[in-house]
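All remarks here apply to the structure that follows.
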Amino acid sequence: MVVAAELLGGLNPAQREAVETVEGPLLIVAGPGSGKTRVITHRIAWLVLGCGVRPYDILAMTFTNKAAREMGDRLGRLVGGHSDALTAGTFHSFCARLLRREGEHLGLPRNYLIYDDADQTAAIKQCLEDGGYDPRRFPPRAVLSRISRAKSVLQDSRVMAQQAQGDYFEEVCARVYRLYEELLGRNSALDFDDLLLRTAQLFREFPAVLGRYQQRYNYLMVDEFQDTNIAQYRISQMLARTHENFCVVGDPDQSIYSWRSADVRNILNFKTDYPGARVIALGQNYRSTATILNAAQGLISSNGQRLENGLFTENATGLPVQLHEAYTEDEEAGSVIAEIGRLAREEGFKPGDCAVLYRVNAQSRALEEACLSQGVKYRLVGGTRFYQRREIKDLTAYLRLLYNQQDDVSLSRIISVPPRGIGVKSIQQIGQWAASQGISMFEGMRRVAAARESGMPCPARLASRTVAAVARFAGVIDRLAALSQEVEIVKLVDLLLEESGLRKHIQESDDRPEERWENVLAYRALAQEFNAETPPDGLAGLLERTALVSQVDEYEEAEDSLTLITLHQAKGLEFPVVFIVGLEEGLLPHSRSLDSEEQVEEERRLCYVGMTRAQQRLYLLRAFRRGFRNGTTSGPAVASRFLREIPGGLVASAALGRGRAGAVAADDGRGGSIRAAALAAAAAAGPAAERLRVGDAVRHRAFGEGIVTAYDPTASDVEITVEFSGGVGAKRLLLSYAPLERLEGSGDSGLGGR
DNA sequence: TAGCGACTGGTTTTT
DNA sequence: CCAGTCGCTA
């Protein structure tokens, strides 16, 4: 607990201004490492301690639940006891809770379920089939993504249908969208996008409800504003309308979620939307060495669409960015892990200080293997997500059905887990009959059971053996659903595991039963956290948590473990030592992003985000050969264009993992060595590189023309020295990356990667 | 109905 | 390489 005045101490003028500006619209442009988190928490603390605002009146939107939790913790330390009344969370969790309270205005039952990605895909597939469309011709994922895009700009299926005129795919999507809306309604379910869409709808159609929240939340803050979508912006605008104490924080250069419908124009146009807005730029970086920051700035300056942000640092120069070119993906991973070992032995960094960042999750495999073989403890963020694991999805599907028996999607998932004699045909039969009666599938099964009980003929066309199985299943679910209103949540989970046969099914399965059971027990431990709630609430809380947690939310810094994480997930984190692997064309930038310059710019921002996570050391790696699916390669990998865009003077080539004593031989485990990589590097740089000799005239994109004065093969590349004319002087350059062009002779070949 | 083997097609990033 | 799907058999 501090006194108000102390909150402003230790802040630079811009930070201080941002903290003290509490009234009216405010845009804080916060470059990487500029103390954003500190500013946000201090600003809230200042509101409370300096301006007498109650935490209850403040709403803070964060990008992850973890960020919200941390904000709460920090605030607690600053203002003491009364911080818990603060509302902080992601848009999705805020909206989920709001709809739980207020959804009835929209006819939404209190026990609605939240569909995750897998549920959505399953539902869309169902709708495609219902609509008579071939799921091969219309991939469910593609249709879903189109629908999701419409939802995130607040379009319903009617609007989409109107706008689809003439475009067949659009028309099909609109039609499926319609069916999907109906399905969600029947199942009492909302998908991720609905949480936002329906909240916006609620606010629009029920001004009185909106009014209450406008009154309550006098002060509104939105973090990571560059990654909000239209729906999120609209919701915050509506909430802020009365007081207009609306503070948004973000950085256009770190906008990396446009594929998820985030719209960077939200931040770019904020000043236009709010002409009276103050704009404060936090320009000083406190995180990274000057070299790392300059390298990142050099890279991002290649983007055409951006606002200059004037980011600077007073930090020490630090070491050059280390560039390592590996021969294979495995050697790349091996080098990273060996270097982490060396940093631990010789430089006092712990593995916990280090993170390896990559573009796609699949890249984690080689890294994990290297960690295993070299005995480095690691922590994988993401990957096959815990909640996506089959056994967990099955268990939660049961719980969801207990919570909400309208949910046909969950029912369909678990009806044959374990197999209980109700096959695909019977399920279809029940589904059709239930639909014709306008009831849910479970209600249908219940009626089948009731008819059997009272000796009536079975209302649906089912074999008698199936009828018995259906009755048994309905009985179990009914019993458990009744119990869910009475017993505490862990008890419910235990009963469910037994009575459904799920425990037996998992433990006797031949696919890693122990591991899967461990996962179930981990989920049970999570359920423990909700045990104190009065019965139905514990289940509600557990399900909401299951649906809305992100991977980063689960991530906890572990002292001694290396972090393996995607570039996307690394946003907002920082590490003393950062490795970015896979700097190759087609991977970073990703091949799926190569068809438009806009997408490439987003990839560049992604790389920028990765680089700016580093505090002291930054390593960039690439491999010449990267395994494709079946072990074949897709030819030699071309160096990422981003490597060329980083100012050459800030980069040095590195032979990783070799200590002062040179004890650890860098070896890719297949007999290949760094030496081989060096030869490969020269080869990859093109035939002209081998022909380049001392005395040749070359042109460099930035330094101009010069003469090669030295040619030194190093561990993984060739370092050349060029004496440039025009007062530039001598520069040492890496052959494979320096944007060099040989002037005379036959070569039209640029010597850098393409 | 369930389980198995063969086959296909498809792969970014995630609240 | 992997997951999802298809068709066959018990």
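Residue numbering restarts at 1 for every chain, and letters A, B, ... go by the order of the sequence lines. Just so it is clear, the model here is predicted, and its values are computed rather than measured.
Side chain of A:R592, nearest nucleotide from B:dT11, B:dT14, B:dT15: B:dT11. Comparing B:dG3, C:dT5, B:dT13 by their nearest atom to the side chain of A:P419 picks out B:dG3. Picking from C:dT5, B:dT14, B:dT15 the nucleotide with the shortest atom distance to the side chain of A:T90 gives B:dT15. Of the listed nucleotides (B:dT15, B:dT14, C:dG4), B:dT14 has the atom at the smallest distance from the side chain of A:R141. Side-chain proximity of A:N361 to the nucleotides B:dT15, B:dT13, C:dT5 is greatest for B:dT13.
The CD atom of A:E129 sits 12 Å away from the C1' atom of C:dT5 (whole-angstrom rounding). Atom pair A:W259:CH2 and B:dT14:P shows a separation of 6 Å (rounding to whole Å applied). Atom-to-atom, NE2 of A:H505 to P of B:dA2 comes out at 11 Å; the value is rounded to the nearest Å. B:dT15 atom C1' lies 14 Å from atom NZ of A:K151, rounded to whole Å. The CZ atom of A:R605 sits 18 Å away from the P atom of B:dT13 (whole-angstrom rounding). Taking atom CD on A:Q120 and atom P on B:dT15, their separation rounds to 13 Å, with Å as the unit. If you take NZ of A:K125 and C1' of C:dA3, they are 11 Å apart, rounded to a whole angstrom. Straight-line distance from the CG atom of A:L594 to the P atom of B:dT13: 16 Å, rounded to whole Å.
Between A:Y115 and A:Y180, the ring centre distance reaches or exceeds 6.0 Å. For A:Y608 and A:F642, the ring centers sit 6.0 Å or farther from each other.
Between A:Q569 and B:dT14 there is a side-chain polar atom (N or O) within less than 4.0 angstrom of OP1 or OP2. Contact annotation: A:S416 side-chain N/O to B:dT1 OP1/OP2 distance is not under 4.0 Å.
For the pair A:I422 and A:F192, nearest-nucleotide mapping onto DNA chain B gives the more 5' position to A:I422.
The 12-atom threshold is exceeded at CZ of A:R260, counting heavy atoms of other residues, nucleotides or ligands nearer than 6.0 Å.
Among the heavy atoms of the strands, none lies under 4.0 Å from A:R365.
Residue A:F91 and nucleotide B:dT15 are not classified as a stacked aromatic pair, given the requirement of ring centres less than 5.5 Å apart at an interplanar angle below 30°.
Between A:R413 and A:D119 no salt bridge is recorded (no basic side-chain N to carboxylate O distance below 4.0 Å). Using a 4.0 Å cut-off between charged side-chain N and carboxylate O, A:E601 and A:R306 make no salt bridge.
Separation of the C1' atoms belonging to C:dG4 and B:dT13 is 22 Å when rounded to the nearest angstrom.
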